[in-house]
Amino acid sequence: MKKEAGIVLDVNHLMSDVVGAQYGISREMVADREAQARAAHRAVQKARGTGWLGWTELPYNQGEILAEIEKTAEWVRGRFENFVVLGIGGSALGPIAVQQALNHLRYNELPARQRKGPRLYVEDNIDPERMLALLDVIDTRKTCFNVVTKSGATAETMSQYLIISRLLQEKAGEGWQEHMIATTDREKGNLIRLAKKEGFRHFFVPSSVGGRFSELSPVGLLPAAVCGIDIRELLKGAAAMDARCREEDPWKNPALLEAVLQVIAMEEMGVNVLVMMPYADSLKYMADWFCQLWAESLGKNVTRKGMAVNVGQTPVKSLGVTDQHSQLQLYTEGPYDKIVTFLRVGAFREDADIPHGCEEFPDVAFLGGKTLGQLLDAEFKGTQYALLRAGRMSQTLLLPVVSAHTVGQLLYFFMMATAYAGELMDIDAFNQPGVEESKIASYAVLGNDAEKYRKKQEEMAGQPEGSAAYRLG
Ligand code: PA5
């Protein structure tokens, strides 16, 4: 059997012996954390598959579910022109990232015969203009809607459901329920009740898998399979990374090393910004997926024992080379508060030759005979060097090639690193009270009559009104 290449984590430019003693992390700093790192690793291993760590087992425990997903995907492909995911946060960012990584970069614009499935739209906002714009370009009678909400209660997604189900009843008439697939918790929330009442096809998000850790569950696997992505390879990639993450020694376990280095940077060096900068458009939305994972998991105000801390690194998305021409100035000369994580591709799946020409202009002519891939990689090397020269920390994750296998590795790597970082920081990486607070407050504004929202309304009535002097215009 062909052995798939592993992704490489290169932390050279984080280390003081490379980036400079005053800027980098020393081996001694890592050694001082070693016992803590090993304990974090053991804690994660011990809790595998339990509590909120159900995602650790997704590469192994979905045999029948995979068959069901593939069957449903085939049915969708044979019947619909469009597949629309209605979901937000963890129910949307993974499907967007994986589709961008593994399908044609202009997938929806390709003629049907060149696509491996229906067009895919992931509607992760409730901007009314966006909803109406979608309805302008799809024929609902030829569209399958995948309503995805782990809690089965998210207002944004349920409003989308209300709009679309009414529309389907009007346009598709009898049998409209065939156009809906629900992905939700087995018991909690209203979506599962609706799915059973209406007879929608449905898939479950395991109760031990939270939204931002759900990409390798039916949340991400169904849209991917519908668009012809090899979901078994995705899971094999995740399992391969899991095997590498069984090591207790941080210098042998990439996700553990990553967590240790980021926590040292945060806690000992005040490096509170992590820039995710893919040098490949296929990985552009991996940065969005990562930003949610890192921010929502690690941005917390108390430890697990309830001590006030206010911790977390601010993740920032960036794109090479585009953002060299927008953000890079800040990264090379601004405050020493950032780590830039490059996502680099070893070999592009396709490349474009740059023809010879403009011989009278040497600064243009030298590009002739190269490829765009070479230029992009040269610009990566240039940026990496510019940061090094300015004493700025960076690290590189190299994907030998972007494939279902390496993307599976990458997803699992980041989820594991997040779990380890949560352990090292002694915070609950799996809750999101700050998000819940905003959800409750917005329901209160909309006048939801349930007790907790009424209380929130009263509380909100007491907020300072502010001064007219501070409102200009
Ligand atoms: O990670 C999380 O738990 C959140 O970001 C959720 O994914 C997001 O709030 C959407 O929740 P749900 O899937 O329950 O609709």
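Sequential numbering from 1 along the given sequence is applied to the chain's residues. When a ligand or atom number is given, it counts from 1 through the structure's own listing order. Note that the coordinates shown come from a computational prediction; the quantities given were computed from them, not determined experimentally.
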> With the threshold set at 4.0 Å, does a side-chain nitrogen-carboxylate oxygen contact exist between D426 and R304?
yes
> I'd like to check I69 versus P218 (side-chain heavy atoms, cut-off strictly below 4.5 Å). Are they in contact?
yes
> In ligand 1, which numbered atoms sit nearer than 4.0 Å to a non-hydrogen atom of K439?
9 (O)
> Please report which non-hydrogen protein atom sits nearest to atom 4 (C) of ligand 1, along with the residue it belongs to and the distance in Å to one decimal place.
E296 OE2, 3.2 Å
> State if Q292 counts as touching ligand 1 under the rule of any non-hydrogen atom under 4.0 Å.
yes
> I need the atoms of ligand 1 closer than 4.0 Å to a non-hydrogen atom of R212, numbered in the order shown.
1 (O), 2 (C), 3 (O)
> One thing to verify: whether R392 and D337 come together as a salt bridge, which I'm taking to mean a side-chain N less than 4.0 angstrom from a carboxylate O.
no
> In the protein, which heavy atom is nearest to atom 6 (C) of ligand 1, and how far is it?
G90 N, 3.9 Å
> Please identify which atoms of ligand 1 are closer than 4.0 Å to at least one heavy atom of I88.
7 (O), 8 (C), 10 (C)
> Might you confirm whether atom NZ of K116 has over 12 heavy atoms from other residues, nucleotides or ligands at distances under 6.0 Å?
yes
> Strictly below 4.0 Å, N to O, side chains only: are K456 and E459 in salt-bridge contact?
yes
> How far is atom 11 (O) of ligand 1 from its nearest protein heavy atom, and which residue and atom name does that atom have?
T154 OG1, 3.5 Å
> Assign the ring pair Y420 / H41 to parallel, tilted or perpendicular, where the plane angle (0 to 90°) is split at 30° and 60°.
tilted
> Check whether more than 12 heavy atoms from other residues, nucleotides or ligands sit under 6.0 Å from atom CD of E64, and answer yes or no.
no
> Identify, by atom number and element, the atoms of ligand 1 in contact range of Q432, meaning under 4.0 Å from any of its heavy atoms.
3 (O)
> Mind checking whether T157 has an N or O less than 3.5 Å away from an N or O of ligand 1?
no
